[in-house]
Undergrad: 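Okay, here's the structure, questions in a sec.
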Amino acid sequence: MSIVCVDVSKACLLWVCDSKLRIVAIFAGASVWLLLSCSLSYGVESDINCLRSIKETLQDPRKVLNISWNFENNTEGSICGFIGVECWHPDESKVLNIRLSDMGLKGSFPLGIQNCTSLTGLDLSSNELYGSIPSNISKIIGFVTTLDLSSNSFSGEIPENLANCSYLNVLKLDHNNFSGQIPLQLGLLGRIKEFSVANNLLSGPVPNFINASNLITADSYANNLGLCGKPLRPCTSASKSSNTGIIAGAAIGGVTIAAIGIGIGMLFYFRKASMMKKKDDDPEGNKWARSLKGTKGIKAS
(Lines give C-alpha, C1' and ligand atoms only; values in the text may rest on other atoms or scores of the structure.)
Protein backbone atom coordinates (compact mmCIF):
# COMPACT_ATOMS: atom_id res chain seq x y z
CA MET A 1 0.00 0.00 0.00
CA SER A 2 1.47 3.37 -1.04
CA ILE A 3 0.37 6.86 -0.12
CA VAL A 4 1.28 9.81 -2.34
CA CYS A 5 1.16 13.41 -1.18
CA VAL A 6 1.99 16.17 -3.61
CA ASP A 7 2.24 18.75 -0.90
CA VAL A 8 4.16 17.36 2.06
CA SER A 9 2.20 19.09 4.72
CA LYS A 10 1.31 18.47 8.30
CA ALA A 11 -2.15 17.17 7.34
CA CYS A 12 -0.66 14.65 4.94
CA LEU A 13 1.78 13.39 7.53
CA LEU A 14 -1.02 12.99 10.07
CA TRP A 15 -3.07 11.03 7.58
CA VAL A 16 -0.16 8.72 6.84
CA CYS A 17 0.50 8.11 10.53
CA ASP A 18 -3.19 7.52 11.17
CA SER A 19 -3.30 4.93 8.39
CA LYS A 20 -0.30 3.09 9.79
CA LEU A 21 -1.80 3.05 13.27
CA ARG A 22 -5.05 1.76 11.83
CA ILE A 23 -3.23 -1.11 10.12
CA VAL A 24 -1.37 -1.96 13.33
CA ALA A 25 -4.62 -1.89 15.30
CA ILE A 26 -6.32 -4.20 12.82
CA PHE A 27 -3.40 -6.61 12.95
CA ALA A 28 -3.34 -6.56 16.76
CA GLY A 29 -7.09 -7.12 16.94
CA ALA A 30 -6.88 -10.07 14.59
CA SER A 31 -4.09 -11.60 16.69
CA VAL A 32 -6.07 -11.23 19.92
CA TRP A 33 -9.17 -12.71 18.28
CA LEU A 34 -7.12 -15.66 17.05
CA LEU A 35 -5.67 -16.31 20.50
CA LEU A 36 -9.06 -16.08 22.16
CA SER A 37 -10.57 -18.36 19.58
CA CYS A 38 -7.90 -20.98 20.16
CA SER A 39 -8.27 -20.74 23.92
CA LEU A 40 -12.06 -20.85 23.73
CA SER A 41 -12.02 -23.80 21.38
CA TYR A 42 -9.72 -25.68 23.73
CA GLY A 43 -11.97 -24.95 26.69
CA VAL A 44 -15.09 -26.04 24.82
CA GLU A 45 -13.49 -29.27 23.61
CA SER A 46 -12.14 -30.16 27.06
CA ASP A 47 -15.44 -29.67 28.88
CA ILE A 48 -17.44 -31.41 26.16
CA ASN A 49 -15.12 -34.40 26.45
CA CYS A 50 -15.62 -34.29 30.22
CA LEU A 51 -19.41 -34.56 29.98
CA ARG A 52 -19.28 -37.07 27.14
CA SER A 53 -17.04 -39.31 29.24
CA ILE A 54 -19.46 -39.12 32.18
CA LYS A 55 -22.34 -40.13 29.92
CA GLU A 56 -20.37 -43.05 28.48
CA THR A 57 -19.11 -44.26 31.88
CA LEU A 58 -22.36 -44.26 33.83
CA GLN A 59 -25.39 -46.43 33.19
CA ASP A 60 -28.53 -44.34 32.87
CA PRO A 61 -31.62 -46.52 33.38
CA ARG A 62 -33.94 -43.52 33.57
CA LYS A 63 -32.56 -42.08 30.31
CA VAL A 64 -32.05 -38.69 31.96
CA LEU A 65 -28.62 -38.08 30.45
CA ASN A 66 -29.41 -39.82 27.17
CA ILE A 67 -32.25 -37.41 26.49
CA SER A 68 -30.79 -34.17 27.83
CA TRP A 69 -27.09 -34.49 27.03
CA ASN A 70 -27.14 -34.09 23.25
CA PHE A 71 -23.67 -33.48 21.84
CA GLU A 72 -24.83 -32.97 18.24
CA ASN A 73 -25.29 -29.28 18.95
CA ASN A 74 -21.76 -27.88 19.09
CA THR A 75 -22.61 -24.19 19.42
CA GLU A 76 -20.95 -22.22 22.18
CA GLY A 77 -22.74 -22.68 25.50
CA SER A 78 -24.88 -25.60 24.34
CA ILE A 79 -23.68 -27.87 27.14
CA CYS A 80 -24.80 -25.29 29.70
CA GLY A 81 -28.38 -26.37 29.05
CA PHE A 82 -27.73 -29.98 30.02
CA ILE A 83 -29.59 -31.27 33.07
CA GLY A 84 -27.35 -31.05 36.13
CA VAL A 85 -24.73 -28.84 34.45
CA GLU A 86 -23.96 -25.29 35.52
CA CYS A 87 -21.52 -23.10 33.60
CA TRP A 88 -19.51 -20.07 34.57
CA HIS A 89 -21.47 -18.15 31.95
CA PRO A 90 -24.49 -19.34 29.91
CA ASP A 91 -22.73 -18.50 26.66
CA GLU A 92 -19.38 -20.03 27.58
CA SER A 93 -18.86 -23.78 27.69
CA LYS A 94 -16.84 -23.89 30.91
CA VAL A 95 -18.48 -26.18 33.48
CA LEU A 96 -18.76 -24.78 37.00
CA ASN A 97 -20.86 -27.45 38.79
CA ILE A 98 -22.09 -30.95 38.01
CA ARG A 99 -25.14 -31.94 40.05
CA LEU A 100 -26.47 -35.40 39.21
CA SER A 101 -28.13 -36.31 42.51
CA ASP A 102 -30.87 -38.99 42.67
CA MET A 103 -30.90 -39.91 38.99
CA GLY A 104 -30.55 -43.68 39.38
CA LEU A 105 -27.09 -43.65 37.82
CA LYS A 106 -24.95 -46.80 38.07
CA GLY A 107 -21.23 -47.42 37.64
CA SER A 108 -17.88 -46.47 39.08
CA PHE A 109 -16.47 -43.02 39.72
CA PRO A 110 -16.23 -41.29 36.28
CA LEU A 111 -12.56 -40.48 35.74
CA GLY A 112 -13.38 -38.24 32.76
CA ILE A 113 -14.38 -35.51 35.22
CA GLN A 114 -10.73 -34.46 35.19
CA ASN A 115 -11.38 -32.83 31.80
CA CYS A 116 -13.71 -30.32 33.46
CA THR A 117 -10.73 -28.26 34.54
CA SER A 118 -12.77 -25.38 35.99
CA LEU A 119 -15.09 -27.54 38.09
CA THR A 120 -15.80 -26.31 41.63
CA GLY A 121 -18.72 -28.54 42.65
CA LEU A 122 -19.51 -32.24 42.17
CA ASP A 123 -22.67 -33.90 43.49
CA LEU A 124 -23.24 -37.58 42.63
CA SER A 125 -25.25 -38.38 45.75
CA SER A 126 -28.21 -40.77 46.04
CA ASN A 127 -27.33 -42.96 43.08
CA GLU A 128 -26.08 -46.54 42.73
CA LEU A 129 -22.38 -45.88 42.23
CA TYR A 130 -19.86 -48.42 43.51
CA GLY A 131 -16.15 -49.19 43.68
CA SER A 132 -13.47 -47.10 45.30
CA ILE A 133 -12.60 -43.42 45.13
CA PRO A 134 -9.53 -42.96 42.88
CA SER A 135 -6.31 -42.75 44.89
CA ASN A 136 -5.28 -39.65 42.90
CA ILE A 137 -8.58 -37.86 43.46
CA SER A 138 -6.90 -34.48 43.98
CA LYS A 139 -5.63 -34.55 40.38
CA ILE A 140 -9.17 -35.18 39.13
CA ILE A 141 -11.06 -32.57 41.15
CA GLY A 142 -8.26 -30.37 42.43
CA PHE A 143 -10.29 -27.12 42.61
CA VAL A 144 -13.58 -28.53 43.88
CA THR A 145 -15.08 -26.82 46.95
CA THR A 146 -18.01 -29.23 47.35
CA LEU A 147 -17.84 -33.01 46.95
CA ASP A 148 -20.96 -35.04 47.74
CA LEU A 149 -20.78 -38.81 47.15
CA SER A 150 -23.24 -39.74 49.89
CA SER A 151 -25.91 -42.45 49.65
CA ASN A 152 -24.16 -44.69 47.16
CA SER A 153 -22.33 -48.01 47.45
CA PHE A 154 -18.73 -46.82 47.36
CA SER A 155 -16.34 -49.12 49.24
CA GLY A 156 -12.68 -49.51 50.15
CA GLU A 157 -10.69 -47.00 52.13
CA ILE A 158 -11.06 -43.23 52.00
CA PRO A 159 -7.94 -42.08 50.10
CA GLU A 160 -5.39 -39.93 51.91
CA ASN A 161 -5.07 -37.91 48.71
CA LEU A 162 -8.35 -36.17 49.54
CA ALA A 163 -6.33 -34.06 51.96
CA ASN A 164 -4.72 -32.41 48.91
CA CYS A 165 -8.10 -31.04 47.79
CA SER A 166 -7.32 -27.93 49.79
CA TYR A 167 -10.32 -25.92 48.53
CA LEU A 168 -12.91 -28.29 49.99
CA ASN A 169 -15.60 -26.66 52.10
CA VAL A 170 -18.03 -29.59 52.05
CA LEU A 171 -17.10 -33.29 52.01
CA LYS A 172 -19.97 -35.79 52.32
CA LEU A 173 -19.19 -39.51 52.17
CA ASP A 174 -21.96 -40.80 54.43
CA HIS A 175 -24.21 -43.81 53.73
CA ASN A 176 -21.67 -45.87 51.81
CA ASN A 177 -19.55 -48.96 52.54
CA PHE A 178 -16.19 -47.33 53.28
CA SER A 179 -13.97 -49.32 55.64
CA GLY A 180 -10.64 -48.94 57.41
CA GLN A 181 -9.51 -45.74 59.07
CA ILE A 182 -10.33 -42.16 58.20
CA PRO A 183 -7.10 -40.49 57.02
CA LEU A 184 -5.99 -38.20 59.82
CA GLN A 185 -4.54 -35.89 57.15
CA LEU A 186 -8.09 -34.71 56.38
CA GLY A 187 -7.85 -32.65 59.54
CA LEU A 188 -5.51 -30.33 57.63
CA LEU A 189 -8.31 -29.20 55.31
CA GLY A 190 -8.31 -25.60 56.44
CA ARG A 191 -11.53 -24.54 54.67
CA ILE A 192 -13.76 -27.46 55.65
CA LYS A 193 -17.14 -26.46 57.09
CA GLU A 194 -19.18 -29.63 56.65
CA PHE A 195 -17.92 -33.21 56.91
CA SER A 196 -19.83 -36.48 57.17
CA VAL A 197 -18.86 -40.15 57.06
CA ALA A 198 -21.85 -41.49 59.00
CA ASN A 199 -23.24 -44.96 58.27
CA ASN A 200 -20.11 -46.66 56.98
CA LEU A 201 -17.80 -49.42 58.28
CA LEU A 202 -15.00 -47.20 59.58
CA SER A 203 -12.78 -47.69 62.61
CA GLY A 204 -9.92 -46.02 64.46
CA PRO A 205 -9.39 -42.41 65.57
CA VAL A 206 -11.17 -39.54 63.81
CA PRO A 207 -9.34 -36.52 62.35
CA ASN A 208 -8.81 -33.36 64.35
CA PHE A 209 -9.99 -30.58 62.04
CA ILE A 210 -7.81 -27.61 62.85
CA ASN A 211 -10.33 -24.93 61.83
CA ALA A 212 -13.64 -26.73 62.24
CA SER A 213 -13.46 -28.66 65.52
CA ASN A 214 -16.66 -27.01 66.72
CA LEU A 215 -18.51 -27.63 63.44
CA ILE A 216 -17.88 -31.36 63.14
CA THR A 217 -20.17 -33.10 65.64
CA ALA A 218 -20.72 -36.71 66.66
CA ASP A 219 -23.50 -36.97 64.06
CA SER A 220 -20.83 -36.71 61.37
CA TYR A 221 -19.51 -40.12 62.50
CA ALA A 222 -22.77 -41.85 63.52
CA ASN A 223 -23.16 -45.62 63.02
CA ASN A 224 -19.47 -46.40 62.71
CA LEU A 225 -18.95 -48.65 65.74
CA GLY A 226 -15.16 -48.67 65.51
CA LEU A 227 -14.53 -44.92 65.59
CA CYS A 228 -13.15 -43.05 68.58
CA GLY A 229 -11.72 -39.69 69.56
CA LYS A 230 -13.22 -36.26 70.06
CA PRO A 231 -16.19 -35.67 69.73
CA LEU A 232 -16.72 -39.44 70.23
CA ARG A 233 -15.54 -41.69 73.06
CA PRO A 234 -11.84 -41.47 73.92
CA CYS A 235 -9.54 -43.85 72.11
CA THR A 236 -7.82 -46.55 74.17
CA SER A 237 -4.11 -45.90 74.46
CA ALA A 238 -2.09 -48.17 72.22
CA SER A 239 0.56 -48.68 74.91
CA LYS A 240 -2.05 -49.57 77.49
CA SER A 241 -3.62 -52.08 75.16
CA SER A 242 -0.20 -53.51 74.40
CA ASN A 243 0.70 -53.88 78.09
CA THR A 244 -2.65 -55.49 78.82
CA GLY A 245 -2.05 -57.95 76.03
CA ILE A 246 1.42 -58.80 77.33
CA ILE A 247 0.16 -59.33 80.86
CA ALA A 248 -2.72 -61.48 79.68
CA GLY A 249 -0.39 -63.50 77.47
CA ALA A 250 2.07 -64.05 80.31
CA ALA A 251 -0.71 -65.16 82.66
CA ILE A 252 -2.09 -67.61 80.12
CA GLY A 253 1.42 -68.92 79.44
CA GLY A 254 2.10 -69.40 83.16
CA VAL A 255 -1.13 -71.29 83.72
CA THR A 256 -0.41 -73.49 80.71
CA ILE A 257 3.11 -74.36 81.90
CA ALA A 258 1.85 -75.09 85.41
CA ALA A 259 -0.85 -77.36 84.05
CA ILE A 260 1.68 -79.25 81.94
CA GLY A 261 4.00 -79.68 84.98
CA ILE A 262 1.19 -80.99 87.15
CA GLY A 263 0.13 -83.35 84.39
CA ILE A 264 3.66 -84.78 84.02
CA GLY A 265 4.00 -85.17 87.82
CA MET A 266 0.70 -86.99 88.09
CA LEU A 267 1.68 -89.24 85.17
CA PHE A 268 4.87 -90.34 86.94
CA TYR A 269 3.03 -90.78 90.25
CA PHE A 270 0.33 -93.03 88.83
CA ARG A 271 2.89 -94.99 86.82
CA LYS A 272 4.98 -95.69 89.93
CA ALA A 273 1.91 -96.63 91.96
CA SER A 274 0.81 -99.01 89.25
CA MET A 275 4.21 -100.75 89.19
CA MET A 276 4.24 -101.21 92.98
CA LYS A 277 0.77 -102.67 92.96
CA LYS A 278 1.72 -105.07 90.20
CA LYS A 279 4.72 -106.28 92.23
CA ASP A 280 2.62 -106.98 95.35
CA ASP A 281 -0.18 -108.69 93.51
CA ASP A 282 2.02 -111.04 91.47
CA PRO A 283 3.27 -113.91 93.74
CA GLU A 284 4.75 -115.75 90.80
CA GLY A 285 7.15 -112.90 90.26
CA ASN A 286 9.71 -114.32 92.78
CA LYS A 287 8.79 -118.01 92.50
CA TRP A 288 12.33 -119.01 91.43
CA ALA A 289 13.81 -117.38 94.55
CA ARG A 290 11.51 -119.25 96.92
CA SER A 291 12.15 -122.56 95.12
CA LEU A 292 15.90 -122.07 95.51
CA LYS A 293 15.50 -121.33 99.24
CA GLY A 294 13.39 -124.49 99.75
CA THR A 295 15.95 -126.66 97.96
CA LYS A 296 18.81 -125.44 100.15
CA GLY A 297 16.77 -126.25 103.25
CA ILE A 298 16.22 -129.84 102.22
CA LYS A 299 19.88 -130.47 101.54
CA ALA A 300 20.93 -129.12 104.93
CA SER A 301 18.58 -131.40 106.83
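Quick caveat: nothing in here was measured; it's all calculated off a predicted structure.
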Undergrad: To the nearest 0.5 angstrom, please state how far the NZ atom of Lys139 sits from the CD atom of Gln114.
TA: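 The NZ atom of Lys139 sits 10.5 Å away from the CD atom of Gln114.
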
Undergrad: Would a distance-only check, ignoring hydrogens and angles, find a side-chain to backbone donor-acceptor pair under 3.5 Å from Asp219 to Thr217?
TA: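 No, Asp219 side chain to Thr217 backbone: no donor-acceptor pair under 3.5 Å.
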
Undergrad: Under a single-linkage definition using a 4.5 Å side-chain heavy-atom cutoff for Ile, Leu, Val, Met, Phe, Trp and Tyr, are Val85 and Ile83 assigned to the same hydrophobic cluster?
TA: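 Yes, Val85 connects to Ile83 through the hydrophobic network.
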
Undergrad: Is there side-chain contact between Asp47 and Asn115, with at least one heavy-atom pair below 4.5 Å?
TA: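 SC-SC contact between Asp47 and Asn115 ruled out.
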
Undergrad: Side chains of Asn161 and Ser138: donor-acceptor distance under 3.5 Å anywhere?
TA: yes

Undergrad: Going by side-chain contact (heavy atoms from CB on, under 4.5 Å), Val197 matches just one of Ile182, Leu171, Asn176. Which one?
TA: Ile182

Undergrad: Are Lys94 and Ser118 side-chain neighbours, meaning at least one heavy-atom pair lies under 4.5 Å?
TA: yes

Undergrad: If I take atom CD1 from residue Ile98 and atom CG from residue Asp123, how far apart are they, to the nearest 0.5 angstrom?
TA: 10.5 Å

Undergrad: Sequence neighbours excluded, which residues qualify as side-chain contact (heavy atoms from CB on, under 4.5 Å) partners of Pro90?
TA: none

Undergrad: Between CH2 of Trp88 and CG of Asn97, what distance do you get to the nearest 0.5 Å?
TA: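 Nearest 0.5 Å value for the CH2-CG distance: 8.5 Å.
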
Undergrad: Keeping Asn73 on the side-chain end and Thr75 on the backbone end, is there a donor-acceptor pair under 3.5 Å?
TA: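 Yes; judged by distance alone, with no hydrogens or angles, the pair exists.
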
Undergrad: Taking Phe209 as the fixed residue, which of Ile216, Asn214, Leu188 is the one that meets the side-chain contact (heavy atoms from CB on, under 4.5 Å) rule?
TA: Ile216

Undergrad: Would you say the side-chain atoms of Thr145 pair up with the backbone N or O of Tyr167, donor to acceptor, closer than 3.5 Å?
TA: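 Judged by distance alone, no pair lies under 3.5 Å.
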
Undergrad: Quick one, Leu124 and Pro110 - any side-chain contact, counting heavy atoms below 4.5 Å?
TA: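 Yes; the side chains approach each other to less than 4.5 Å.
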
Undergrad: Please examine the side chains of Thr117 and Val95, heavy atoms only from C-beta on, and report whether any two atoms are closer than 4.5 Å.
TA: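 Sidechains of Thr117 and Val95: no contact.
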
Undergrad: Kindly state whether the ring of Tyr130 and the ring of Phe154 have centres lying under 6.0 angstrom apart.
TA: no

Undergrad: With sequence neighbours left out, what residues match Asn66 under side-chain contact (heavy atoms from CB on, under 4.5 Å)?
TA: Lys55, Asp60, Lys63

Undergrad: Between Ser125 and Ser151, does a side chain to side chain donor-acceptor pair (under 3.5 Å) hold up when you go through it step by step?
TA: CA-CA 6 Å; Ser125 63; Ser151 300; over 6 Å; no

Undergrad: Less than 4.5 Å apart, any side-chain heavy atom of Phe195 and any of Leu186?
TA: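 Phe195 reaches Leu186 side chain to side chain.
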
Undergrad: Quick check for you: to the nearest 0.5 Å, what is the distance between Leu122 atom CG and Leu119 atom CG?
TA: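 Rounded to the nearest 0.5 Å, the CG-CG separation comes to 6.0 Å.
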
Undergrad: Hey, could you give me the CG/CG distance between Asn211 and Leu189, rounded to the nearest 0.5 Å?
TA: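 Answer for the CG-CG pair, Asn211 versus Leu189, is 10.0 Å.
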
Undergrad: Which residue pairs satisfy the salt bridge (charged side-chain N to carboxylate O under 4.0 Å, His left out) criterion with at least one member in residues 145-159, sequence neighbours excluded?
TA: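 Listed once each, the pairs would be none.
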
Undergrad: Any side-chain to backbone donor/acceptor pair from Asp174 onto Ser220? Under 3.5 Å, distance only.
TA: no

Undergrad: Step by step, would you call Asn223 with Asn199 a side chain to side chain donor-acceptor pair (under 3.5 Å)?
TA: CA-CA 5 Å; Asn223 299 320; Asn199 296 282; 2.8 Å; yes

Undergrad: Can any side-chain N or O of Asn49 pair as donor or acceptor with the backbone N or O of Ser46 at less than 3.5 Å?
TA: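 Side chain of Asn49 to backbone of Ser46, a donor-acceptor pair under 3.5 Å: no, none is there.
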
Undergrad: Report yes if the distance between the aromatic ring centroids of Phe82 and Phe71 is under 6.0 Å, otherwise no.
TA: yes

Undergrad: Report yes or no: does Glu76 contribute a side-chain atom to a donor-acceptor pair with the main-chain N or O of Ser93 at less than 3.5 Å?
TA: yes

Undergrad: Any heavy-atom pair between the side chains of Ile192 and Asn169 that's under 4.5 Å?
TA: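 Not in contact.
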
